[in-house]
Each structure stands twice: as C-alpha cells, then as structure tokens.
There are 2 protein chains.
Amino acid sequence: MSEPTGLRARKKERTRDAIGDAAVSLFLERGFDRVSVNDIAAAAEISKPTLFRYFPTKEDLVLHRFADHQGEAARVVRDRKSGIKPVTALHRHFRAGLDRYDPVTGLNDHPEVVAFHRLVFTTPSLAGRLTRYQLEDEEALADALGDGIQARLLAAQVLAVQRVLARTNWQKIADGRTAHDVHPEAVAEADQAFNQLR
Amino acid sequence: MSEPTGLRARKKERTRDAIGDAAVSLFLERGFDRVSVNDIAAAAEISKPTLFRYFPTKEDLVLHRFADHQGEAARVVRDRKSGIKPVTALHRHFRAGLDRYDPVTGLNDHPEVVAFHRLVFTTPSLAGRLTRYQLEDEEALADALGDGIQARLLAAQVLAVQRVLARTNWQKIADGRTAHDVHPEAVAEADQAFNQLR
DNA sequence: ATGACCAGGTTGCTTTTTTAACCGAGTAAC
DNA sequence: GTTACTCGGTTAAAAAAGCAACCTGGTCAT
C-alpha cells in the first residue's frame with residue numbers, strides 16, 4: 001500500500017534532493033544564469049549525465065519544488081469527501097495552505113523562500129517554464145472536474161484565482177510585512193475570491 | 001604521477017570507509033560474532049554483495065586497518081637512502097611510529113584503539129587471520145632484503161621483534177598507564193631490541 | 001568570417017550497485 | 001531425524017552512475 005523503501009529508492013531520493021538543494025542554493029547565491037550545470041553537478045558530487053537523468057532541463061532544477069505540487073488541485077477534487085463541492089474542497093485546501101504558511105500560497109516570509117520567489121519571477125526562462133507547469137496542472141484539474149467546456153473554464157478560473165491570491169500575498173511580504181501580520185487579510189481575500197467563484 | 005581523483009574513485013573510497021567504520025563501531029559495541037554482515041551492510045547503507053566486493057571476508061572488515069600497513073616493512077627497506085642498512089631503516093621507522101603514537105606500535109591509549117586491540121586479540125578467528133597477514137608481510141620483507149635463507153631469517157626476526165615490542169607496550173597500556181608515560185621505556189626497549197639484531 | 005570557447009543537453013560504453021535467489025554449514029525445535 | 005532457522009559467502013541479471021566524446025547554438029577575438 002505504501003512506497004517500497006528499498007535501498008535503491010532511498011538513495012535515488014537522496015541524490016535527487018542533493019542535486020535540487022545544491023542547485024537552488026547556488027542559484028540563490030549567484031543568480032540563475034551565473035551558475036552552470038557543471039557547477040551544480042560538481043557541488044552535488046555527481047556527473048552531468050546523471051544530473052540530466054534526474055531533471056530534464058536546467059529550469060526544472062528550480063521548478064521541481066513546484067512540480068512536487070503538480071496535480072495537487074486535481075487530487076484535492078478527486079479525493080474530496082462525498083457531498084462536498086469541488087470549489088469548496090479547493091477553498092478549504094487553500095485556506096489550510098495559508099494556515100501552515102505553505103510557500104505556494106505566497107504567504108511565507110522565510111528569507112530563503114522570499115529569495116526563491118524572487119529568483120523565479122525575475123528570471124524570464126523560469127517564469128516561462130512555470131506557466132507550462134500551470135497549464136498541465138489546469139488540464140489535470142479540468143479532467144477531475146468533468147468533461148465539458150464548463151469544467152475547463154472553472155479549472156482555469158480557480159487556478160487564476162489562486163495565482164492572484166498568491167501573488168498578492170507575496171507582494172505584501174515583499175513590501176516588508178510579516179507573514180503572520182498578513183495572514184488575516186489573506187484569509188479574508190481568499191474567502192471572498194472563492195465565494196465569488198460559486 | 002598522483003592518484004586520479006575522479007568522482008568514481010572518491011565515492012569508492014568513501015564507501016569503503018563507511019563500511020569499515022560501521023563494522024568496527026558495531027563490533028566494538030556488541031562483539032565480533034554478535035554482529036552479522038547483514039547488520040553491517042544495513043548500517044553502512046549498502047547491499048551484502050557490495051560489502052563483499054570491498055572486503056573478501058568478515059574478518060577483513062576488522063583487519064583492513066592492519067592491511068593498510070601491509071608491506072610497509074618491505075617498503076621501508078626498499079625506499080631507504082643509500083648507505084643505510086636495512087635494520088637501521090626499520091629501527092628508525094619503528095621509533096618514528098612510537099613518537100607519533102602509531103597504533104601499530106601498541107603505544108596508544110585512546111579508548112577506541114585499546115578496545116580495538118582487545119577485540120582483535122580476544123577473538124580467535126581474528127587473531128588467526130592476522131597471522132596470515134603477518135606471514136605475507138614477512139615474505140615481502142624477505143624479498144626486499146635479498147634472496148638467501150639469511151634474508152628470510154632476518155625478516156622473521158625483525159617482525160618477531162616488532163610484535164614483541166608492540167605487545168609489550170600494549171600490555172602496559174592495558175595495565176592502566178598512559179602512552180606518554182610509557183613512551184621513554186618503549187623507546188629504550190626498541191633501541192635495545194634492534195641493536196641486538198645486528 | 002573564422003576559429004576558439006563555453007553553454008545546455010545527448011549518446012555509447014564501462015563500471016558499480018542493487019536485488020533476489022541460492023549454497024553449505026551449523027543449530028535449535030519438535 | 002527432519003524441518004526450519006540463521007549466518008557467511010556467491011551468482012546472475014538489471015538498474016544506475018560515471019566518463020569521454022559529441023552536437024547545437026551563442027559570444028567573443030582576431
């Protein structure tokens with residue numbers, strides 16, 4: 001029922017983490033395009049082909065943290081308890097994210113997280129690639145919601161709302177406020193936005 | 001001219017160290033035959049066949065620290081400066097070992113080293129295997145000394161002397177004295193023993 | 001413009017490691 | 001006395017990693 005935690009799987013996961021951590025910390029230190037994949041491979045003590053076996057492109061070295069949340073919205077809809085509407089489930093899930101200051105909500109003031117956001121959104125190739133991830137996420141959510149054009153529209157609107165909320169939160173953090181301080185209005189705005197979706 | 005420090009070589013060395021360290025620390029903790037090779041492999045996070053690729057037998061997991069000094073006597077004789085007699089070179093090398101409290105001289109009171117010695121000499125299969133290492137060492141030394149039966153005899157006597165000296169030192173340490181305290185008489189005994197060899 | 005780099009990726013080929021299964025000897029249960 | 005462990009050690013096949021060499025596309029001197 002669970003993952004078979006063999007020796008192989010454990011080491012693969014560790015290697016993946018080592019590569020991702022080395023990459024992100026180098027990127028934060030010197031900027032995305034001032035770090036070569038060779039540098040990352042050297043820092044993670046692996047070879048270049050091995051690096052590309054774990055991550056298809058250099059961009060994914062940064063975006064794997066988003067990729068880990070890939071399909072989350074679709075899963076939330078699919079796994080909702082019976083009697084609960086999709087939008088409600090998504091709403092609750094987003095609010096739970098706010099409550100635990102999940103970085104994907106934009107409501108997180110850890111310096112490293114803030115710097116990471118900045119890195120992603122000020123590096124064009126990263127921002128570009130990120131939208132591709134969002135598209136896939138949207139399709140998955142649409143499939144979970146149903147078949148017609150309405151499912152597609154709803155999926156797009158939900159994810160657009162989440163992006164706006166996250167970006168708003170992040171902006172406030174970027175202006176120097178603390179996550180704890182911003183939290184109440186973030187919740188209020190989320191409630192308002194999700195209610196308008198119905 | 002030097003070792004090619006590739007990624008592969010570095011990781012191999014680390015793996016070897018990890019296995020050896022895990023093995024010795026488990027042995028010291030629970031005794032040689034209360035630890036299975038499976039335990040060691042698990043502690044070192046490698047598989048059993050991999051363990052045996054690095055160490056031919058369970059005993060060698062302990063004795064690799066001696067094995068690392070394998071052929072040292074022969075090398076000392078071969079690399080001696082011209083004009084220096086073999087026995088003199090070996091004598092100086094042993095004294096240098098005493099001065100830096102090298103564990104192979106028996107003159108070392110670190111708890112871990114003492115426990116390690118105790119482990120080796122109170123476990124029959126280990127003591128047995130150790131004599132095999134010493135035999136190989138003796139043959140190598142004999143070859144370095146020359147061809148005839150006299151070379152063999154001298155080699156055997158030198159190594160016998162070193163073993164007696166080391167055992168004597170270890171005994172004094174085992175009686176509770178410090179290495180620093182024992183050092184002067186260890187040097188004196190070594191000088192006397194090596195002088196009698198000439 | 002040409003040639004020499006450096007970047008992100010890729011391609012074979014070899015070495016290393018995992019996995020599961022096995023062998024042979026000892027040993028405890030029943 | 002058979003059954004069923006455990007332990008040290010081995011085998012064969014498959015996955016993973018390393019390495020060197022390559023491709024493509026840019027950038028910079030000369």
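A, B, ... follow the sequence lines: proteins, then strands. Residue 1 opens every chain.
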C:dT16 OP1/OP2 closer than 4.0 Å to side-chain N/O of B:Lys12: yes
Distance-only donor-acceptor test, A:Lys48 side-chain atoms vs C:dG9 base atoms, 3.5 Å: yes
C:dT16 phosphate, OP1 or OP2, under 4.0 Å from B:Arg8 side-chain N/O: no
Rounded distance in Å - CD (A:Glu13) to C1' (D:dA16): 16 Å
Distance-only side-chain donor-acceptor flag, B:Thr88 / B:Arg80, under 3.5 Å: no
Length of the line joining A:Phe55:CZ and C:dT10:C1', which is rounded to integer Å: 18 Å
Aromatic plane relationship, A:Phe121 with A:Trp170 - under 30° parallel, 30 to 60° tilted, over 60° perpendicular: tilted
A:His183 side chain to A:Asp99 side chain, donor-acceptor N/O pair below 3.5 angstrom: yes
Rounded interatomic separation in angstrom, taking CZ from A:Phe52 and P from C:dG8: 7 Å
B:Lys11 side-chain N/O to D:dG18 phosphate OP1/OP2 under 4.0 Å: yes
A:Lys58 NZ - D:dT24 P separation (whole Å): 21 Å
Which residue lies more 5' along DNA chain C, comparing A:Pro56 with A:Leu7 via nearest heavy atoms: A:Pro56
Minimal non-hydrogen separation, B:Ala144 against B:Arg78, with atom names: CB-NH1, 3.9 Å
First of A:Ile46 and B:Thr57 reached from the 5' end of DNA chain D, by closest nucleotide: B:Thr57
B:His69 side chain to B:Asp137 side chain, donor-acceptor N/O pair below 3.5 angstrom: no
A:Arg16 CZ to D:dA16 P, straight-line distance once rounded to whole Å: 13 Å
Under 4.0 angstrom between B:Tyr54 side-chain N/O and C:dT17 OP1 or OP2: yes
Nearest to side-chain heavy atoms of A:Ser47, which nucleotide of C:dG9, D:dG8, D:dC19: D:dC19
Atom-pair distance (CD1 on B:Ile19; C1' on D:dG8), nearest Å: 16 Å
A:Thr50 vs D:dG18: side-chain N/O to OP1/OP2 distance below 4.0 Å: yes
Given DNA chain C, 5'-ward residue of the pair A:Val35 and B:Arg53, judged by closest heavy atom: A:Val35
Distance, rounded to the nearest Å, where B:Glu45 contributes CD and C:dT19 contributes P: 11 Å
Between P of C:dT18 and CG of B:Leu51, the distance in whole Å: 10 Å
